[in-house]
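Following: one structure in structure tokens, then a few remarks.
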Amino acid sequence: MSLDTRTVRRIAKLARIGLDDQEAEGLRQELDGILGWVEQLNEVDITDVPPMIGTGLAKPRLRVDVVTDGGKREAVLSNAPDRADAFFTVPKVVE
Amino acid sequence: MSYRIEGATGTWEIVVGLEVHAQVISHAKLFSGASATYGGEPNMHVSLIDAGFPGMLPVINAECVAQAVRTGLGLNATIHLESRFDRKNYFYADLPQGYQISQFAHPIVGEGKVLVELSDGTEREIGITRLHLEQDAGKSLHDQDPTRSFIDLNRAGVALMEIVSEPDIRSPEEAGAYLRKLRQILRYIGTCDGNMEEGSMRADVNVSVRKAGEPFRTRCEIKNVNSIRFVMQSIEVEAQRQVEIWEAGGTVDQETRLFDHARGETRSLRSKEDAHDYRYFPDPDLLPLVIEREWVDALRAALPELPEAKRSRLEAQYGVSRYESGVLAAEQTVADFYEQVAKASDPKLAVNWMLGDFFAALNRTGKSIEESPVNASGLSELLALIKDSTINGKIAKEVLEDMFETGESASAIVERKGLRQVTDTGAIESAIRDILAANADKLAEYKSGKDKLFGFFVGQTMKAMKGKGNPALVNELLGKILAE
């Protein structure tokens, strides 16, 4: 499978990354290489092997329904590029 | 009754499926320990996980899983002992992670069904496709500043159940009945408060139209409708719009639309042209969710009696009609109230009074049954007074009104106002004779065949007795005297 520049541009747009033509072509080659490498997996016969998600027999640890977090507004807002009092602010989004 | 749109080229039917987002009742959020309580100071119910800080790991809240399973059981649905969480990728200011954790390919709950009842008494089954768990987003405020939107993440990460119906709905009325039934089940089980005004239940509405016998045509999705009335209205106007497009020779584009209730129209939301490319993939931070059959069985055993079962039992146990059981079982508090009154007085009397004067008094005073100044034992006491002939039905209405106003007990009011029913035949007879003597002309008319005047004499006698005569005795004695 090989990737065309249109697909690269689309992926970039979905990820909100701006690319010039040279970057797009560079990334196309790079991604093409990654895909080709991963595609080697297709050579393995996995007809009778169930998909493995996660590691072995591990089950997720669940949490009890108790409030143990929150009340740290300053920490939450510490990386905000812009804020107003208790809120994050962003350029107006109206539909 | 089937819903049809008469167009220029023929008759159209509508096809509707609903995706309901129901906020799960829990203390903490789906993947973090921050509070899931509605409201609160802005950004105070937020953990670093909810805020999408790098390196933070989600941990599943077991109670949210239990709530989804309980709901699935209430919807007669298949419970999947293994389900998975996926990332749904999109950018929006109220979604700090850049993706919503949801369940795409392997939801926790599969197919189920809901029985809905329409106003003409017919019942229909609406299929449930699936129910899955996902995170809610934060809240944007657009009216605080001319150039900026304000973001509050308190709601971000709160657990939602998305409940998807089959495209089985064929009229706006069915859509309304389905939503009401779903909300009733959620409230019975206690998994969502169903409060559409606060946004804890909202619906995406999929609408298409077709002519009889055709396969499905293209559908449009109306996003985020927040009341049952608006869901019904939006279906009506959207179906009409699509019929007009098809009949003008055009084609309906599959798209997302918004319902503008002020204008009574739906509008295209073209701004997100790539919005549907969510690039779902399994969330690498979360192992598949595996639950035990025994745990599901225990949750099932602990479920409360559900609306349909309650209705059947009320009908069998108290002899109420199908219609009456529907009204009584609409809310658990109403059914509980009824059962207390029915047991303490008389089941038939209890249902007549609750559905009649008692509900009327609640409506008039704008109170819910929980806030009623007359509780179940208060109403039972009143009905007992009717049953043992202490007061008659007409006086009882007056007493009930007084109870709502003063909060006094029925017997206290009866004593204070001297409302005891007169069952002394001598007193009733003398009242009747006075009335007949004072209305000699009417008596003569009656004797010459004007039977209808019987009612007039009853009315006059009751009036003379200030309404306190025992109606059966008044009728009986009047008949006897007139036959003399």
Side-chain angles (χ1 to χ4, degrees), chain A residues 3-4 6-19 27 31 34-35 38 41 46 49-95, chain B residues 26-29 31-37 40-51 53 59-66 84 89-94 96 98 138 140-142 144-154 258 269 271-272 274 277 279 282 284 286-290:
Chain A
L3 215 56
D4 59 25
R6 228 180 101 243
T7 308
V8 172
R9 292 209 167 277
R10 180 170 162 73
I11 295 168
K13 189 181 171 202
L14 287 169
R16 303 294 189 273
I17 298 171
L19 298 178
L27 269 171
L31 288 171
I34 293 169
L35 282 175
V38 173
L41 289 172
I46 52 161
V49 185
M52 183 186 117
I53 293 139
T55 46
L57 300 168
K59 278 203 290 182
R61 190 171 58 87
L62 300 189
R63 206 158 38 77
V64 290
D65 186 30
V66 177
V67 176
T68 55
D69 207 341
K72 49 173 73 135
R73 182 193 287 153
E74 284 313 310
V76 164
L77 286 165
S78 59
N79 293 328
D82 188 26
R83 62 181 280 190
D85 299 328
F87 295 96
F88 293 91
T89 57
V90 296
K92 198 153 201 140
V93 263
V94 179
E95 286 175 355
Chain B
S26 65
H27 297 297
K29 293 183 178 181
F31 297 115
S32 86
S35 169
T37 310
E41 289 284 302
N43 289 310
M44 286 302 266
H45 298 172
V46 184
S47 79
L48 299 181
I49 299 167
D50 311 318
F53 274 48
V59 181
I60 304 169
N61 179 340
E63 175 61 13
C64 295
V65 177
R84 294 184 201 160
N89 299 279
Y90 66 93
F91 287 101
Y92 206 74
D94 59 19
S140 307
L141 293 88
H142 303 298
Q144 306 288 309
D145 185 284
T147 57
R148 297 180 297 175
S149 291
F150 286 25
I151 309 293
D152 172 13
L153 295 180
N154 280 354
L258 276 185
L269 229 172
S271 54
K272 297 180 179 176
D274 283 318
D277 195 342
R279 292 149 296 143
L286 289 160
L287 290 166
L289 174 60
V290 180

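The model shown is predicted, which means the values in this text are computed figures rather than measured ones. The sequence lines fix the lettering, A, B, ..., with proteins before strands; numbering per chain opens at 1.
Contacts between B/Ser47 and chain A at a heavy-atom distance below 4.5 Å involve backbone atoms as well as side-chain atoms. For chain A, the nearby part of B/Pro146 is the backbone; its heavy atoms alone come within less than 4.5 Å. Heavy atoms of A/Val66 lying under 4.5 Å from chain B belong exclusively to its backbone. For A/Val76, the parts sitting under 4.5 Å from any heavy atom of chain B are the backbone and the side chain alike. Residue B/Ala62 touches chain A through both its backbone and its side chain, counting heavy-atom pairs closer than 4.5 Å. Interface remark: A/Asp82 contributes side-chain atoms only to the contact with chain B (heavy atom separation under 4.5 Å). Proximity to chain A is limited to the backbone of B/Asp145, based on heavy atoms less than 4.5 angstrom apart. There is no contact between B/Ile49 and chain A, counting heavy-atom distances below 4.5 Å. Contacts between B/Gln144 and chain A at a heavy-atom distance below 4.5 Å are absent for every atom of the residue.
Side-chain polar atoms of A/Asp69 and B/Ser32 form no donor-acceptor pair below 3.5 angstrom.
Shown here is A/Arg16, whose CZ atom has more than 12 heavy atoms of other residues, nucleotides or ligands within 6.0 Å. Heavy atoms of other residues, nucleotides or ligands lying less than 6.0 angstrom from CG of A/Leu41 number more than 12.
Contact check on B/Glu63 versus A/Arg63 returns no salt bridge, with no Lys/Arg side-chain nitrogen under 4.0 Å from an Asp/Glu carboxylate oxygen.
Proximity of B/Met44 to A/Lys72: side-chain heavy atoms (C-beta onward) are nowhere separated by under 4.5 Å. Between A/Val38 and A/Leu35 the shortest side-chain heavy-atom distance does not fall below 4.5 Å. Using a 4.5 Å heavy-atom threshold, the side chains of A/Leu62 and B/Val59 count as separate. Within the 4.5 Å cutoff, side-chain heavy atoms of B/Leu286 are placed close to those of B/Phe31.
With chain A as the partner, the residue from B/Glu41, B/Arg148, B/His27 showing the most heavy-atom pairs under 4.5 Å is B/Arg148. Looking only at heavy-atom pairs under 4.5 Å with chain B, the residue among A/Thr89, A/Asn79, A/Val64 that has the most is A/Thr89.
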